[in-house]
Amino acid sequence: MEDFDFSGKIVLVTGASRGIGKEIAQKFASLGATVVGTATTAEGASKIEESLNGKGFGLVLNALQLDTVAQVVDQVVEKCGAAPDILVNNAGITRDTLFMRMKDVDFDEVIACNLTAAVRLSKACIGPMMKKRAGRIISITSVVGETGNAGQCNYAASKAGIIGFTRSLAQEVGSRGITVNCVAPGFIETDMTKVLSDEQKKAYESRIPLRKLGQAADIANAVVFLASDWASYITGTTLDVNGGMRCA
């Protein structure tokens, strides 16, 4: 379908070495885009490049080193000849524990990685997008950023921040042809959920109207939709992909 042909587009996906980020990167590559994915290590970046089969590149990005985040866009220009047309802020970490036991560093690092790094990367991409009068910024938030969750005050705050940032930025840059949106996953089968016992999985599934965990492909499909021409009149919104958790 022409609307899902991303030939000639440059897509930057953070946290693309595994899970949801890897699925997003590979989906865009399969639809013709040149994809640049980031990982926290050189080994991870090499694996991204291998998985893209000549359709993109892997770069190292440690989102906790905030002073270096914007430099990734310069590296994309060096590799691809232009700045990203589409930015997917996916990289994130967790440091879960009850708030009374949470160390300041665990709160600060989650905010830095999940929110501040995404903000700085968005800022680095906005300039070139405004000059072209076109662009897509899509950030991966979470159902937890909408509902909260005990033991995840830091993570919930970072993801709620992404939603507020998205709504505000969308209002600022919409007149320049740039859309800014979020995708909010629910419980998705990833490496983190594979360690759960069958009993734990059943407990999670009981909270989901569709009675199953989501797949990384479900999130990738939502991201591709928001990046496509089909979503050209959608901005400042959060697309819930959670099997109905928020209506339960």
Next item on the list: Please say which of Thr141, Asn114, Thr94 ends up in a side chain to side chain donor-acceptor pair (under 3.5 Å) with Ser158.
Entry: Asn114
Note to self: Checking the side chain of Thr14 only, and the main-chain atoms of Thr38 only, is there a donor and an acceptor separated by less than 3.5 Å?
What the structure shows: no
Next item on the list: Could you tell me the separation between the CD1 atom of Ile86 and the CD1 atom of Ile24, rounded to the nearest 0.5 Å?
Entry: 11.5 Å
Next item on the list: Not counting sequence neighbours, which residues clear ring pair (Phe, Tyr, Trp, His ring centres under 6.0 Å) with Phe187? List them please.
Entry: Tyr204
Notebook entry, point to check: Taking all non-hydrogen atoms of both residues, which atom of Thr34 and which atom of Gly56 are closest, and how far apart?
Noted result: CG2-CA, 4.5 Å
Notebook entry, point to check: From Thr68 OG1 over to Leu61 CG, what is the distance, rounded to the nearest 0.5 angstrom?
Noted result: 6.0 Å
Margin query: Just verifying a value: how many Å separate Ile137 CD1 and Leu121 CG, rounded to the nearest 0.5 Å?
Written below: 8.5 Å
Next item on the list: Sort and list the pairs that fulfil side-chain hydrogen bond (donor to acceptor under 3.5 Å, both in side chains) and have at least one residue in residues 121-134, not counting sequence neighbours.
Entry: Asp85-Lys132, Asn89-Ser122
Margin query: If the threshold is 4.0 Å, N to carboxylate O, is there a salt bridge linking Glu205 and Lys212?
Written below: no
Margin query: Any heavy-atom pair between the side chains of Asp240 and Glu146 that's under 4.5 Å?
Written below: yes
Notebook entry, point to check: Do the side chain of Ser168 and the main chain of Phe165 share a donor and acceptor less than 3.5 angstrom apart?
Noted result: no
Next item on the list: List the atom of Val13, the atom of Ala25, and the distance in Å for their closest heavy-atom pair.
Entry: CG2-CA, 4.3 Å
Margin query: Given 3.5 Å as the limit, does a donor-acceptor pair link the side chain of Glu189 with the main chain of Gln215, or not?
Written below: no
Next item on the list: Supply the atom-to-atom distance Leu87 CG to Ser139 OG, rounded to the nearest 0.5 angstrom.
Entry: 6.5 Å
Next item on the list: Could you tell me whether the side chain of Ser232 reaches within less than 4.5 Å of the side chain of Arg136, counting heavy atoms only?
Entry: yes
Check: For Lys22, does the NZ atom sit with more than 12 other heavy atoms under 6.0 Å from it, leaving out its own atoms?
Finding: no
Notebook entry, point to check: How long is the span from the CD atom in Gln152 to the CZ atom in Arg95, to the nearest 0.5 Å?
Noted result: 12.5 Å
Next item on the list: Check Lys27 against Ala220 and note the closest heavy-atom contact, atom names and distance.
Entry: CB-CB, 4.3 Å
Next item on the list: Give, for atom OG of Ser17 and atom CD of Glu43, the distance between the pair rounded to the nearest 0.5 Å.
Entry: 10.0 Å
Note to self: Under 4.0 Å between a side-chain nitrogen and a carboxylate oxygen: does that hold for Asp67 and Arg120?
What the structure shows: yes
Next item on the list: Give a yes or no on whether the backbone of Asp106 and the side-chain of Asn154 come within a donor-acceptor separation of less than 3.5 Å.
Entry: yes
Notebook entry, point to check: Is there side-chain contact between Ile234 and Thr179, with heavy atoms separated by less than 4.5 Å?
Noted result: no
Check: What do you reckon, is NZ of Lys9 surrounded by more than 12 foreign heavy atoms closer than 6.0 Å?
Finding: no
